[in-house]
Amino acid sequence: MATDYFGVLGLPRTASDSEIKRAYRRLARDLHPDVNPDPEAKERFQEVTRAYEALTDPEKRRIVDLGGDPFDTGPGAGGFGTGGFGGLGDIMDAFFGGAATRGPRSRTRAGRDALIPIELELDETVFGTTKDLTVDTAVLCSTCTGAGTAPGTHAATCATCSGRGEVQSVQRGFLGQVVSSRTCPSCGGTGQVIPEPCPECAGDGRIRARRTITVKVPAGVEDGMRIRLTGQGEVGPGGGPPGDLYVEVHERPHPVFTRDGEDLHCRVTLPMTSAALGTTLSLKTLDGEEDLDIRPGTQSGSVITLRAHGAPRLRATGRGNLLVHVEVATPTRLDAEQEKLLRELAALRGEDLPESHREAQGGLFSRVRDAFNGR
Ligand SMILES: [Zn+2]
Ligand SMILES: [Zn+2]
């Protein structure tokens, strides 16, 4: 069933556009999350905003008038935010940016965030490091300190809009005169113009500059993580507060170790004899040389765990483990002497292929062969 959007705004179906506008404005002022922290109010605010959009957007209103629901995008859908509900910002601008806080907007705006990647070696992500990064970014213009005016001059009131930041135009229509206002094209809505722009920044209040930033990379960061440097992004237009800088970690592959979160993995290959007899290996870990005890009878595929030799846990204490995967190499290219010894060993262990077995196989094969030869 289609939602009664008039009812949501507390209006009869005969309500005019201006009544809809007035009702919404009144409700939004009480319910807006900036003034009413109650979560129920927030929900209600979204409801009334949706109703307002349904009744004022011509395309959506057409659907409402036909008895449909412009936000109903089919069964299973219908969550808030689906169905092209992108107009909230515009609506809020219309009421709170334009109408409610009428007047020129500030020349100064906040700067954008920036994202830069850094490549790090495995030992740097595991143990942490400090890196100097060179970034090209917008910084405050030191000549005008953001004002955008040439030294000794000042900004002037915009002659086009007399400092109001918007210009009005009157149009005649069926319903009489319609007054509409739009952002002043001369000053961009700021109500001010700069007669003599700062020669350094051409009036923008900021300049592009290359600077070096020192980033402290904490021990245990992982590939893809972002380190946030508050206020290190670019300065905004008119010298507005800077955004944040995000440094995204890219971990270079290591020739020996692979990383799985806080654990490291590596592979060692042992001769069959060492695996059988046991031995001690010297293993180069990220922490330095470690003795790796190979117990007699170690099987291929077994895993030896070196505790706390992995990466530190980023949001906890302690470290992960280093897991050493053992592979046993079967000897190849035996010379006569070696083959003899292995045969003797096999015989001693009762692992030599018995004559009877070989005969049985030979017997089977000869029978098959006989069958094919038609004997
Ligand atoms: Zn400047
Ligand atoms: Zn203007």
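Both backbone and side-chain heavy atoms feed into the values below; hydrogens, waters and symmetry mates do not. Ligands are counted one by one from 1 in listed order, and the atoms in each one are counted from 1 as well.
- Residues L115 and V249 do not share a hydrophobic cluster, clusters being chains of Ile/Leu/Val/Met/Phe/Trp/Tyr side chains in contact below 4.5 Å.
- With the Zn ion (ligand 2) as the vertex, atom SG of C184 and atom SG of C158 span an angle of 110° (nearest 10 degrees).
- In the hydrophobic clustering of this structure, V268 groups with L264; members are Ile, Leu, Val, Met, Phe, Trp, Tyr whose side-chain heavy atoms approach within less than 4.5 Å, directly or through other members.
- Using a cutoff of 4.0 Å between basic side-chain nitrogens and carboxylate oxygens, D287 and R319 are scored as salt-bridged.
- Heavy-atom neighbours of R61 CZ from other residues, nucleotides or ligands within 6.0 Å: above the threshold of 12.
- Under a 4.0 Å N-O distance rule, the pair E53/R50 does not qualify as a salt bridge.
- With the Zn ion (ligand 2) as the vertex, SG (C187) and SG (C161) define an angle of 110°, rounded to 10°.
- Pairs of residues two or more places apart, or lying in two chains, never qualify as salt bridge (Lys or Arg N to Asp or Glu O under 4.0 Å) while including a residue from residues 294-304.
- Note on the Zn ion (ligand 1): protein N, O or S atoms under 2.8 Å away count 4, no waters included.
- L229 and V139 fall into different hydrophobic clusters, where Ile, Leu, Val, Met, Phe, Trp and Tyr are joined by side-chain heavy atoms under 4.5 Å apart, directly or via other members.
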